[in-house]
There are 2 protein chains.
Amino acid sequence: MDPHPTRIALIQAAMQQFGRGGFEAASTRAIAAQAGTNISSIAYHFGGKDGLRIACADAVAERVAQVARPLPGLQDRPDPRHARLLLRRLVRRIVTFMIVTPGASDAVAFVLRELAEPDSPVLDRLYTTLVEPRHRALCALWSAATGEPAEAEEVKLAVFSLVGQAVYFRVAAPIVQRRMGWRHYARAEARAITRRMLTNLDRMIGGGDG
Amino acid sequence: MDPHPTRIALIQAAMQQFGRGGFEAASTRAIAAQAGTNISSIAYHFGGKDGLRIACADAVAERVAQVARPLPGLQDRPDPRHARLLLRRLVRRIVTFMIVTPGASDAVAFVLRELAEPDSPVLDRLYTTLVEPRHRALCALWSAATGEPAEAEEVKLAVFSLVGQAVYFRVAAPIVQRRMGWRHYARAEARAITRRMLTNLDRMIGGGDG
DNA sequence: CCGAAAATCAATCAATCGATTGATACACGA
DNA sequence: TCGTGTATCAATCGATTGATTGATTTTCGG
């Protein structure tokens, strides 16, 4: 079916192992073994380990671009109530994607590892294609919901605060689960996190029903 | 002066390099070189690379234990206004520590790397000595400020949301700085982040002056 | 000044790393 | 039945990894 099954298997395996212990910790042999192919396939398809890293970044960017569709009601200026509704829906989507979507955990872990690396060769790619446009869109919505200017420092930091919470629930999953007495992130746990984050969102925006 | 200068230099260098690219990415040779000593000093002082890892975790735990002193006004049940004041002070302290304190950046990066690692050998140590007691204290304060029971699921998640924001501003520093147009985290930037986080705290707690 | 313990050194070990090689299997048009 | 390009394979390369060794230097009580 797929035109490049080995290529995709390699990306998937690499994304998982890169996300686990970092880029350097993952060996090409282990990646190839998990993908069910030979080591030299990496060089053949991607030119090397670094090429595989870039391919992972592109795969994430493409996937997110598909999931995070053009937000309805962003082209025109939505009224505050509508903006708040869209923000709530987005928070639901983000948390669901990060917590419960199968395979997304690996992608999130991979991205976070790259973001934390001071001189990651794919950081630029991830920022321009993944971080900035989404952050801008969220700022626009936040602006519409609160009336503050979209590119104000306060708004940008507020949006970072919001997504930072979701990111933390993923990156610190072992700790959160242990403290909460959870054995994993499943539907019930995702619901609890979503509820808390929606509460935070409403209160941070203010003015509404809290 | 110091009874173990080489030991301390090794821990400091290791913490930095472990935090940069992860545990496996850091080579013992590079660590020893940065510490200005020989490779075999690692084996002599810590038994090996893993021992150095544990020593780093202990060093962080001890340092945080010193910085995060017993919170004043926690033994008795503070009234809501006092609790909110203590929470605000703690948020200031956390952000300052994470953003601006020299050397703390390495420690934070190291801890986060360990927390993200699924099967880190020092995760247990870090959790029991570092995460849990602080989280419990924050939950108690949150409870006193809001009236909710301290060990309620909602309270625990709220505290995680709060610290998650601060953690994110550190772990995603390259992204945040780029989006904000900042060249680094200095006093002015830390102040902006602190202000936003205090606003978030006030609104999340609710009931107060916002 | 001496001798033992503490600490550091250069040198080397087997193991593993990413990359490369030449051979091989397969599909497809001439 | 060729010839060609794609894709994977086992085998091997030099380099680097963490660990270890034995010698050397430093420290300090007697």
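Chain letters run A, B, ... following the sequence lines, proteins first, then strands; residues in each count from 1.
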- Message: Regarding B:Glu148 and B:Ser143, do their side chains bring together a donor and an acceptor under 3.5 Å, going by distance alone?
- Response: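 Side chains of B:Glu148 and B:Ser143: no pair found under 3.5 Å.
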- More than 12 heavy atoms from other groups under 6.0 Å of CZ on A:Arg92: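 Counting neighbours around CZ of A:Arg92, 12 or fewer heavy atoms of other residues, nucleotides or ligands fall under 6.0 Å, so no.
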- Message: Does atom CD (B:Gln12) have a neighbourhood of more than 12 heavy atoms from anything else shown, all under 6.0 Å?
- Response: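 Not more than 12 within 6.0 Å, no.
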Measure from [atom1] on [X] to [atom2] on [N] and round the result to the nearest Å.
| X | N | atom1 | atom2 | value |
| --- | --- | --- | --- | --- |
| A:Arg53 | C:dA19 | CZ | C1' | 17 Å |
| A:Leu10 | D:dC9 | CG | C1' | 14 Å |
| A:Gln17 | C:dG18 | CD | C1' | 15 Å |
| A:Arg7 | D:dA7 | CZ | C1' | 13 Å |

Whether [X] and [Y] hold their rings parallel, tilted or perpendicular, with breakpoints at 30° and 60°:
| X | Y | answer |
| --- | --- | --- |
| A:His45 | A:His4 | perpendicular |
| B:Phe18 | B:Phe23 | tilted |
| A:Phe160 | A:His135 | tilted |

- Query: Heavy atom of residues 24-33 of chain A under 4.0 Å from DNA chain C: which residues?
  - Reply: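 Only A:Ala26, A:Ser27, A:Thr28, A:Arg29 qualify.
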- Bend angle of the helix from C:dG3-D:dC28 to C:dA27-D:dT4 from five-pair axes at both ends, rounded to 10°?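 The value is 10°.
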How many angstroms lie between [atom1] in [X] and [atom2] in [Y], if you round to the nearest 0.5 Å?
| X | Y | atom1 | atom2 | value |
| --- | --- | --- | --- | --- |
| B:Leu85 | B:Leu141 | CG | CG | 10.5 Å |
| A:Ile94 | A:Arg134 | CD1 | CZ | 10.0 Å |
| A:Ser161 | B:Phe169 | OG | CZ | 4.0 Å |

- State yes or no: are the ring centers of A:Tyr168 and B:Tyr168 separated by less than 6.0 Å?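 Between A:Tyr168 and B:Tyr168, the centre distance exceeds or equals 6.0 Å.
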- Residues within residues 35-51 of chain B bordering DNA chain D, heavy-atom distance below 4.0 Å: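 B:Ser40, B:Ala43, B:Gly48, B:Lys49, in order of number.
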